[in-house]
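Everything on this sheet refers to the single structure shown next.
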Amino acid sequence: MKLFFITGSKHKFREAERILKEYNVIIGRKDVECEEIRAENCENVALDCLRQLRSEVNEPFFIEDSGLFIKALNGFPGTFSSWVFKKIGNEGILELMRGKEVRDACFVSSIAAWDGKEEAVLRGEVKGYISNKISKEKGFGYDPIFIPEGSRKTFAEDHKTKMMCSHRRRALEKLAKWLRR
Ligand code: ITT
């Protein structure tokens, strides 16, 4: 079955392509816009988006809504992560976090999928911390400021670890399992 990942993000697509290949799931990319609703959690955003796109996309597909939830900021930027990143970036987040001792954060990935018959919502998350500075290594989005639990390096500094334990991997593994059901 050919499965499409509908996303405007090449980075998200590349990661998903690599991870799903391990499960013999081959994906293609399509970039079709959907209007993201305001919601407290990524699952609702992803499911609403899936339902909007079902009338436009005829093949099996999935979409993903991800977000960074920072404890000391009451979950901000959460479902607004994409917009906030464009507006204030990692510099802005570190500015908001200045002087905060509790640096816990959680990256969430919510996938909404349609296999031609049924729909499903699959969630993955990884707990961690917001670093004190932006790491210089490559990595997209919030990768240069997110340190996963049990590590001292950001996702940008240690991409190998990211590919093993990320929010995206955890949601994609559930997707692969659901497709095989
Ligand atoms: P689509 O909605 O078109 O898929 P997007 O980039 O808008 O692409 P999201 O709304 O899911 O995707 O992403 C929310 C933000 O979180 C966005 O700014 C990303 O850069 C960031 N983000 C998502 N996953 C990330 C990851 O694995 N590492 C670092 N930042 C990530």
Side-chain angles (χ1 to χ4, degrees), residues 3-20 27-53 56-57 61-70 73 75-94 96-97 105-114 121-131 134-149 151 153-173 175:
L3 184 68
F4 285 95
F5 181 10
I6 301 198
T7 177
S9 168
K10 283 185 196 134
H11 303 282
K12 285 174 37 171
F13 180 78
R14 256 185 248 127
E15 288 188 3
E17 191 180 33
R18 243 176 85 182
I19 293 165
L20 286 174
I27 57 170
R29 180 174 161 223
K30 270 192 191 182
D31 186 2
V32 189
E33 285 280 314
C34 84
E35 190 98 5
E36 284 189 11
I37 57 160
R38 280 195 193 176
E40 282 284 325
N41 64 60
C42 295
E43 288 79 76
N44 289 350
V45 176
L47 188 58
D48 184 81
C49 206
L50 183 92
R51 289 177 179 165
Q52 284 180 48
L53 294 175
E56 288 181 53
V57 185
F61 71 98
F62 69 96
I63 53 131
E64 185 218 41
D65 191 64
S66 38
L68 179 66
F69 293 74
I70 303 176
L73 305 179
F76 184 83
T79 52
F80 300 104
S81 291
S82 180
W83 186 78
V84 169
F85 187 78
K86 282 183 210 135
K87 293 286 177 194
I88 64 170
N90 288 326
E91 291 83 1
I93 295 289
L94 290 195
L96 293 173
M97 288 297 287
C106 181
F107 242 135
V108 174
S109 159
S110 290
I111 288 175
W114 166 249
V121 181
L122 309 140
R123 178 188 163 98
E125 61 174 63
V126 58
K127 292 193 167 63
Y129 310 96
I130 301 300
S131 61
I134 301 172
S135 63
K136 289 203 179 70
E137 266 73 18
K138 280 185 261 158
F140 77 99
Y142 299 105
D143 278 351
I145 60 164
F146 183 82
I147 301 172
E149 234 171 24
S151 175
K153 291 182 178 171
T154 64
F155 267 172
E157 290 171 299
D158 186 359
H159 195 250
K160 216 167 152 189
T161 295
K162 181 182 185 189
M163 290 305 280
M164 272 163 24
C165 75
S166 76
H167 50 314
R168 184 157 300 108
R169 166 172 293 272
R170 290 173 178 164
L172 288 167
E173 282 179 346
L175 173 67

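Residue indices begin at 1 and follow the sequence shown. Numbering of ligands and ligand atoms starts at 1, following listing order.
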Subset of ligand 1 atoms that lie under 4.0 Å from at least one heavy atom of [X]:
X      : value
His167 : 24 (N), 25 (C), 26 (C), 27 (O)
Thr7   : 1 (P), 3 (O), 4 (O), 8 (O)
Phe107 : 25 (C), 26 (C), 28 (N), 29 (C), 30 (N), 31 (C)
Asp65  : 10 (O), 11 (O)

Greater than 12 external heavy atoms within 6.0 Å of Glu33's CD: no

Lys127 atom NZ, over 12 foreign heavy atoms within 6.0 Å: no

Positive for side chain to side chain donor-acceptor pair (under 3.5 Å) with Ser109, one of His167, Arg169, Glu64, Arg168: Glu64

Salt bridge flag under 4.0 Å for residues Glu15 and Lys162: yes

Ligand 1 contacted by Tyr142 (non-hydrogen, < 4.0 Å): yes

Nearest protein heavy atom with distance in Å, relative to [atom]:
atom                    : value
atom 13 (O) of ligand 1 : Ser66 OG, 3.5 Å
atom 19 (C) of ligand 1 : Phe140 CE1, 4.3 Å
atom 3 (O) of ligand 1  : Gly8 N, 2.7 Å
atom 27 (O) of ligand 1 : Lys162 NZ, 2.6 Å
atom 20 (O) of ligand 1 : Gly141 CA, 3.4 Å
atom 6 (O) of ligand 1  : Ser9 CB, 4.0 Å
atom 2 (O) of ligand 1  : Glu36 OE2, 3.7 Å

Do [X] and [Y] touch side chain to side chain, with heavy atoms closer than 4.5 Å?
X      : Y      : value
Phe155 : Val126 : yes
Phe4   : Val57  : no
Ile27  : Phe62  : yes
Glu17  : Phe5   : no
Phe107 : Ser66  : no
Ile70  : Met97  : yes
Tyr142 : Asn90  : yes

Side chain, backbone, both or neither: the part of Phe85 lying under 4.0 Å from ligand 1 by heavy atom: side chain

Phe146, portion touching ligand 1 at heavy-atom distance under 4.0 Å: neither

Looking at non-hydrogen atoms alone, which of [options] comes nearest to [atom]?
atom                    : options                     : result
atom 24 (N) of ligand 1 : Lys12, Lys86, Arg168        : Arg168
atom 17 (C) of ligand 1 : Ser82, Cys34, Ser109        : Ser82
atom 28 (N) of ligand 1 : Asp143, Val84, Val32, Thr79 : Asp143

Any N/O pair Ile6/ligand 1 closer than 3.5 Å: no

